[in-house]
Enquirer: 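Sharing a structure here in structure tokens format.
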Amino acid sequence: QVQLVESGGGLVQPGGSLRLSCAASGRTFSLSATGWFRQAPGKEREFVAAVRWTGGTTYYADSVKGRFTISRDNAKNTVFLQMNSLKPEDTAVYYCAGSRGYFSFSNYASRRTYSSWGRGTQGTVSS
């Protein structure tokens with residue numbers, strides 16, 4: 001079992017920044033990658049970004065490329081999502097997710113790839 005706990009959400013004005021953290025505990029050695037998804041009211045949960053624990057390869061949704069950066073701290077079993085130039089449409093609950101199985105460019109954006117999920121943290125972009 002892997003437990004994931006998100007933190008760092010909040011309210012920010014358009015153009016501002018937020019930094020989300022995802023702390024993993026339990027059988028963290030079993031994780032191949034960790035990702036971030038988000039869900040806005042009335043919409044489906046969508047992929048945002050992911051990072052491999054070994055090698056550090058990163059993956060991004062087109063909507064956040066150039067604005068968001070995902071990184072990891074292997075020693076602390078923590079993944080970060082730095083979100084810059086935020087827009088109102090970035091408002092959502094942000095979920096951290098862990099993958100323990102096969103992970104590649106072909107499946108990194110699918111929710112089915114991830115077996116462990118956090119409870120989410122709210123990020124609101126509004127003036």
Enquirer: Look at the side chain of S32 and the backbone N and O of G101, then say whether any donor-acceptor pair between them is shorter than 3.5 Å.
Expert: yes
Enquirer: Is the closest side-chain heavy-atom distance between S25 and N77 below 4.5 Å?
Expert: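 The answer is no, as the side chains (C-beta and beyond) never meet within the 4.5 Å cut-off.
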Enquirer: Look at the side chain of S30 and the backbone N and O of R100, then say whether any donor-acceptor pair between them is shorter than 3.5 Å.
Expert: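 No; judged by distance alone, with no hydrogens or angles, the pair does not exist.
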Enquirer: Between L86 and L18, which heavy-atom pair has the shortest distance, and what is it?
Expert: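 Result for this residue pair: CD1-N, 3.7 Å.
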Enquirer: Quick one: sort the F103 and Y114 rings into parallel, tilted or perpendicular, breaks at 30° and 60°.
Expert: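 Judged by the thresholds at 30° and 60°, the geometry between F103 and Y114 is perpendicular.
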Enquirer: For N107, does its backbone N or O pair with a side-chain atom of T113 as donor and acceptor, under 3.5 Å?
Expert: yes
Enquirer: Are the aromatic rings of F68 and Y60 close, with centres under 6.0 Å apart?
Expert: no
Enquirer: Closer than 3.5 angstrom, by distance alone: can the side chain of E6 be matched with the main-chain N or O of C96 as a donor-acceptor pair?
Expert: yes
Enquirer: Could you please spell out the steps behind the side-chain contact (heavy atoms from CB on, under 4.5 Å) verdict for S17 and V12?
Expert: CA-CA 7 Å; S17 299; V12 64; 5.9 Å; no
Enquirer: Would a hydrophobic clustering, with Ile, Leu, Val, Met, Phe, Trp and Tyr connected at side-chain separations under 4.5 Å, put L4 with L20?
Expert: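 Same cluster.
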Enquirer: What pair of heavy atoms forms the shortest contact from P14 to S127, and how long is it?
Expert: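 Looks like CD-N, 3.7 Å.
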Enquirer: Can you check side-chain hydrogen bond (donor to acceptor under 3.5 Å, both in side chains) on S104 and S106, steps first, answer last?
Expert: CA-CA 5 Å; S104 77; S106 65; 2.7 Å; yes
Enquirer: Can you tell me if CD on Q1 sees more than 12 non-hydrogen neighbours from other groups inside 6.0 Å?
Expert: no
Enquirer: Going hydrophobic residue to hydrophobic residue with side-chain gaps under 4.5 angstrom, can you get from W117 over to Y59?
Expert: yes
Enquirer: Is there a path from I70 to V64 through hydrophobic residues (I, L, V, M, F, W, Y) whose side chains come within less than 4.5 Å of each other?
Expert: yes
Enquirer: Going from OH on Y94 to CD on Q122, what distance comes out if it is rounded to the nearest 0.5 angstrom?
Expert: 9.0 Å
Enquirer: Determine, using the 4.5 Å side-chain heavy-atom cutoff (strictly less than), whether L81 and V93 are members of one ILVMFWY cluster.
Expert: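 No; V93 is not reachable from L81 via cluster members.
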Enquirer: Within a strict 4.5 Å, meaning less than it, do heavy atoms of the V79 and W53 side chains meet?
Expert: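 They are in side-chain contact.
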Enquirer: Any salt bridge linking D62 with K65? Criterion: basic side-chain nitrogen under 4.0 Å from a carboxylate oxygen.
Expert: yes
Enquirer: Could you check if a side-chain atom of K76 sits within less than 4.5 angstrom of a side-chain atom of S21, using non-hydrogen atoms only?
Expert: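 Answer no - side chains too far apart.
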Enquirer: Which atom pair, heavy atoms only, marks the closest approach of A92 to A40?
Expert: CB-N, 3.8 Å
Enquirer: Taking all non-hydrogen atoms of both residues into account, name the closest pair between D90 and S85 and its distance.
Expert: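 Scanning both residues, the minimum pair turns out to be OD2-O, 4.4 Å.
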Enquirer: Side chain of R52, backbone of T57: donor and acceptor closer than 3.5 Å?
Expert: no
Enquirer: Looking only at heavy atoms, what is the nearest atom pair of S63 and R38, with distance?
Expert: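 Smallest heavy-atom distance, with atoms named: OG-NH2, 3.6 Å.
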Enquirer: Give the intermediate values and the outcome of side-chain contact (heavy atoms from CB on, under 4.5 Å) for residues S116 and R27.
Expert: CA-CA 11 Å; S116 300; R27 298 173 63 88; over 6 Å; no
Enquirer: Got a donor-acceptor contact below 3.5 angstrom from the T91 side chain to the V125 backbone?
Expert: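 Confirmed, T91 side chain pairs with V125 backbone.
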Enquirer: Is atom CZ of F105 surrounded by more than 12 heavy atoms (other residues, nucleotides or ligands) closer than 6.0 Å?
Expert: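 Open.
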Enquirer: State the CZ-OG distance between R112 and S99, to the nearest 0.5 angstrom.
Expert: 14.0 Å
Enquirer: Is M83 linked to W36 within one hydrophobic cluster, defined over Ile, Leu, Val, Met, Phe, Trp and Tyr using a side-chain heavy-atom separation of less than 4.5 Å?
Expert: yes
Enquirer: Taking the six-membered ring of F37 as reference, does the cationic atom of R111 (NZ for Lys, CZ for Arg) lie under 6.0 Å from its centre and within 45° of its axis?
Expert: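 Relative to the ring axis of F37, which defines the angle, R111 lies outside at least one limit.
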